[in-house]
Amino acid sequence: MKKIPGVPPTKRSEFHGKRQRTRGWTVFVALVMCFAFAGGNAFAAGSQQEASAFTDISGHWARAYIEWAEEQGIASGYTDGTFRPNLEVSEREFIALVFRAYPELDVPAQATGEPWYVRYYAAADKLGWPVADPEAAQRYTRGDAARIIAAARGHVLSMEDAVMYLLENGLSKGKTSATFAGYDAGGTLTRAEAVTFLYNVKHVEAGGLAPASGPQEAKTGGFELSGIRLGDTESAVIAALGQPDRRDPSALGYTWLVYNRDYGQYAQIGVSAGKVTTLFSNADAWRHPDGVKPGASAGTAAAHAGLTESEMKAKTRHTYTKDGVRIQLYLDQLEEGRVEGLLVEAQGLSMAVDPDRSGLAAAYERQIFDMTNAFRLKNGLPVLAWDDKLAEAAKGHSADMAQRDYFAHDSPDGKSVWDRLQAVGFERYATYAENIAAGYPDAFMAFNGWVNSPGHRQNMLTDNLDMLGVGVVHEGGSNYGWYYTQNFYTPPWW
């Protein structure tokens, strides 16, 4: 980093540490510090299970309920051997499932040439059930299903009353909580949810004390980010937070809904098949009953994770599973092990996809920019503006390090940070700086490495910087795989 006269520079930017290899990746940051994070692949695959009757439900949260429904003759799969658990259900499909779950109810035989669903509507009309869409023209919701379940038990109720009837009688625990809001009455009903509803009802009627724990009642561990929990629907997220400011890919195949219009409430919401699977933020936008969130002390984090405070303070990152949720704490050793960022995800996510690494690199660039601004805001500093020319210089340096197999601020032919900035059009400066890192498998870890390095941290928290550009490159045949560069800049005021 170079400074204007009178401002002390950081330590020299050559890398002096020995190369250290972690289990699975090599980790480097520039300056004099080298961080090696313990642990293997961050996304371990779930445990193996016996083969399923359907080809697309292995590892799915509703597998047991789907197989129960097939055994009971309530639901069947498709001719290609799939069940399609995330396919939306129509009203006529759901009432057919309910009648199959209650074979004692009178359903007329199907007349020759008659559409399959007509006889189910005739039976529903005779019983006074609230049905009105035989042509499947409308979206069918969880609230609609609650009305049918209540009617099948002899209670024709409004949607809200039907939902409360299910919750109060132990027929559902809701999606995120046993409340009307937590039930998500407006959410679309899927095939997996439909059979789980019926399993829960039959389970309670057979003498069970409560619905089996399962999926539609997603495990959240008590974590809530900007009012959003694991298991919420994507439609509920957008209803609560509006359209995201950006959609980013992830290495696990889900999509990040990124909200960065207010860095004090910065949030990344991971969604797959219409449901929230992952939450991340380093902003103070979390709620948790035990106070596990950014800013929490090492003692608070340690108590939740089952470690001693001294053990937690010795770490820069800690991953553990609790209450059915996988939790990654990004810690700040320079602040006594305080929680800096938090990633919470549903169990069972794995590297089962071959991600588009160029798309991931572009996402990591913007995520590092966002995390840096959230970090600055928490520390009482103004946020930085994105600059395309700085990003061009940063990406060029990351690519050069990857292609020529070196890790330094100065290139093998002697080009410096300022040489690269001049090459993209900068002529003068008041202040500029550069952070580099290599070997980290994602933006969260790279950023956390910089947070825990005094020199890099100083660069990110320098008051008189105005702009930032980030460049990330993945080179499969290179020594470190992933390369990260941050370029900061303030134009001259004179």
Side-chain angles (χ1 to χ4, degrees), residues 22-25 27 35-48 59 61 176 213-215 217-225 228-232 250-252 254 256 267-270 272 275-352 371 440-449 451-452:
T22 65
R23 294 160 45 196
W25 54 74
V27 174
F35 290 83
F37 290 98
N41 192 318
F43 302 106
S47 59
Q48 294 184 346
W61 59 260
T176 58
S213 68
E217 290 80 33
K219 295 177 180 178
T220 69
F223 290 97
E224 185 177 297
L225 176 59
I228 305 302
R229 294 189 171 199
L230 297 179
D232 283 352
S250 78
L252 300 186
Y254 58 78
W256 285 114
Q268 291 186 216
I269 314 292
S272 178
K275 298 292 178 67
V276 175
T277 62
T278 316
L279 303 169
F280 171 82
S281 181
N282 63 329
D284 187 18
W286 292 87
R287 292 179 58 189
H288 187 266
D290 296 330
V292 182
K293 58 182 182 178
S297 68
T300 296
H304 191 260
L307 301 180
T308 65
E309 184 173 354
S310 60
E311 286 174 327
M312 189 63 77
K313 285 183 176 181
K315 297 174 177 288
T316 56
R317 183 174 64 90
H318 181 62
T319 303
Y320 61 106
T321 299
K322 186 170 183 177
D323 299 329
V325 172
R326 188 171 180 275
I327 303 152
Q328 292 190 62
L329 302 176
Y330 297 94
L331 303 163
D332 188 343
Q333 281 190 332
L334 301 181
E335 290 288 343
E336 298 292 318
R338 186 175 63 189
V339 177
E340 162 57 27
L342 190 64
L343 177 74
V344 176
E345 59 189 7
Q347 287 185 278
L349 301 180
S350 66
M351 291 289 288
M371 287 186 283
Y440 293 97
D442 61 43
F444 305 143
M445 290 189 189
F447 178 77
N448 193 42
V451 165
N452 282 281

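Contact check for M312 versus L331: side-chain heavy atoms found under the 4.5 Å cut-off. In this structure, L230 and F223 have side chains that are not in contact, with every pair of non-hydrogen atoms separated by 4.5 Å or more. By the 4.5 Å heavy-atom criterion applied to side chains, V451 and M371 are not counted as neighbours. For the pair Q328 and R326, the minimum side-chain heavy-atom distance is below 4.5 Å. Within the 4.5 Å cutoff, no side-chain heavy atoms of L343 are placed close to those of L279. Side-chain contact check for Y440 versus F447: every heavy-atom pair is 4.5 Å or farther apart. Put simply, the side chain of I327 does not reach to within 4.5 Å of the side chain of T319, judged on heavy atoms. When side chains are defined from C-beta on, V344 does not count as touching T278, because their heavy atoms never get closer than 4.5 Å.
Atoms OG and CD, from S297 and E335 in turn, are 12.5 Å apart once rounded to the nearest 0.5 Å. Atom CG of D232 sits about 11.0 Å away from atom CG of L225, to the nearest 0.5 Å. Between the CD atom in Q268 and the CZ atom in F444 there is a gap of 4.5 Å [rounded to 0.5 Å]. To the nearest 0.5 angstrom, E309 atom CD is 8.5 Å from E336 atom CD. Annotation: the span from T300 atom OG1 to L329 atom CG amounts to 11.0 Å, rounded to 0.5 Å.
Counting only distance, with no hydrogens or angles, the side chain of N452 and the backbone of G449 share no donor-acceptor pair below 3.5 Å. Here the side chain of D323 pairs no donor or acceptor atom with the backbone of V325 at under 3.5 angstrom.
Every pair passing ring-ring contact (aromatic ring centres under 6.0 Å, His included) that includes a residue from residues 320-340 is listed here, sequence neighbours excluded: H304-Y320, H318-Y320.
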Cut-off 3.5 Å, no hydrogens considered: what does the side-chain donor-acceptor table look like for residues 286-295, sequence neighbours left out?
| residue | atom | partner | partner atom | Å |
| --- | --- | --- | --- | --- |
| W286 | NE1 | S281 | O | 3.3 |
| H288 | ND1 | D290 | N | 3.0 |
| H288 | NE2 | G221 | O | 3.0 |

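In plain terms, the two heavy atoms of K313 and A298 that are nearest each other are CG-CB, 3.6 Å. A pairwise comparison of heavy atoms in Y254 and G270 identifies CD1-CA, 3.8 Å as the closest pair. Taking both residues in full, the closest heavy atoms of E311 and T308 are given as OE1-N, 2.9 Å, listed atom of the first, atom of the second, then distance.
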